[in-house]
Amino acid sequence: AYLQYGLGASATAASLLSTFISAGALLGGLAAGAIVQKTQRPLWTMRAGLVAYGAIFLWAFGFPLEAAAPLLALVGFIKVFCPTSVYDAVPRFVGPSDVGMAMGIVSVAQNIGMTLGPPAIGAALGSLSSASWGSASGVLVALCALGLAFAAAARSPQRSDSRARQPDA
């Protein structure tokens, strides 16, 4: 919506530009997976992704239309750091017999967030009397900060089985 109503892009141009998010996510998913595998620290990877995502949202709604493609690719690149990290971290938090159910819960939560998140943010912005695209930036940064608070509080438990991966610190 921002590309079309905030920056004046045509519907066709906005749709085309939005594909850069998916293109960035393709590379970002591979990069996040490689980082998690190399460092064995999914929570740190998630925290770094949330900080980067929040930083982007601090100034994302002030960019000119000409900068949209690389910025949207960067958003796509960074947005997959959290899910990649969560999927890697789940087996560290639960026992082997509970991984399937835990992954199912994570998948359901992710789908609920993707389905309800955009309309919820729109409703929150619509309820503000002075809502603007800049207000969206504040809401998104606040959500990143909330996610960061949860990620900062998370600690993987030590497990006694010898096959368990080392916890993230």
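- Leu26 and Leu72 are assigned to two separate hydrophobic clusters, defined by single-linkage of ILVMFWY side chains at heavy-atom distances under 4.5 Å.
- Leu74 is connected to Leu65 through a chain of hydrophobic side-chain contacts under 4.5 Å among Ile, Leu, Val, Met, Phe, Trp and Tyr, so both are in one cluster.
- For Ala68 against Leu3, the heavy-atom pair with the smallest separation is CB-CD2, 4.0 Å.
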Under the side chain to side chain contact (heavy atoms under 4.5 Å, CB included) rule, what do Arg92 and Gln40 come out as? Steps first, then yes or no, please. CA-CA 11 Å; Arg92 299 169 193 259; Gln40 290 297 305; 3.2 Å; yes
When you look at Met46 and Leu43, which way does the side chain to side chain contact (heavy atoms under 4.5 Å, CB included) test go after all the steps? CA-CA 5 Å; Met46 182 187 319; Leu43 293 177; 4.0 Å; yes
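- Contact check for Val36 versus Phe81: no side-chain heavy atoms found under the 4.5 Å cut-off.
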Name the atoms and distances for all side-chain donor-acceptor pairs under 3.5 Å in residues 95-117, with sequence neighbours left out.
from	atom 1	to	atom 2	distance (Å)
Ser107	OG	Met103	O	3.1
Gln110	OE1	Tyr87	OH	2.5
Asn111	ND2	Ser107	O	3.0
Thr115	OG1	Asn111	O	2.8

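- Residue Asp88 comes nearest to Pro42 through the heavy atom pair OD2-CG, 3.4 Å, listed as atom of the first residue, atom of the second, then distance.
- Rounding to the nearest 0.5 Å gives a distance of 11.0 Å between CZ of Phe63 and CD1 of Ile56.
- The CD1 atom of Ile35 sits 11.0 Å away from atom CG of Leu30, with the distance rounded to the nearest 0.5 Å.
- Val86 and Leu146 are assigned to two separate hydrophobic clusters, defined by single-linkage of ILVMFWY side chains at heavy-atom distances under 4.5 Å.
- The two residues Cys144 and Gly54 make their nearest non-hydrogen contact at SG-N, 3.7 Å.
- Inter-residue side-chain proximity for Thr45 and Thr84 is flagged as unmet; no heavy-atom pair is nearer than 4.5 Å.
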Solution key, residues 9-16 side-chain donor-acceptor pairs under 3.5 Å, sequence neighbours excluded:
from	atom 1	to	atom 2	distance (Å)
Ser10	OG	Ala13	N	3.0
Ser15	OG	Ala11	O	3.0

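- Listed by chain and residue number, nothing satisfies the ring pair (Phe, Tyr, Trp, His ring centres under 6.0 Å) test with Phe20 (two or more places apart in sequence, or in another chain).
- Residue Tyr53 forms a side-chain contact (heavy atoms from CB on, under 4.5 Å) with just one option from Leu148, Ile78, Leu143, and that option is Ile78.
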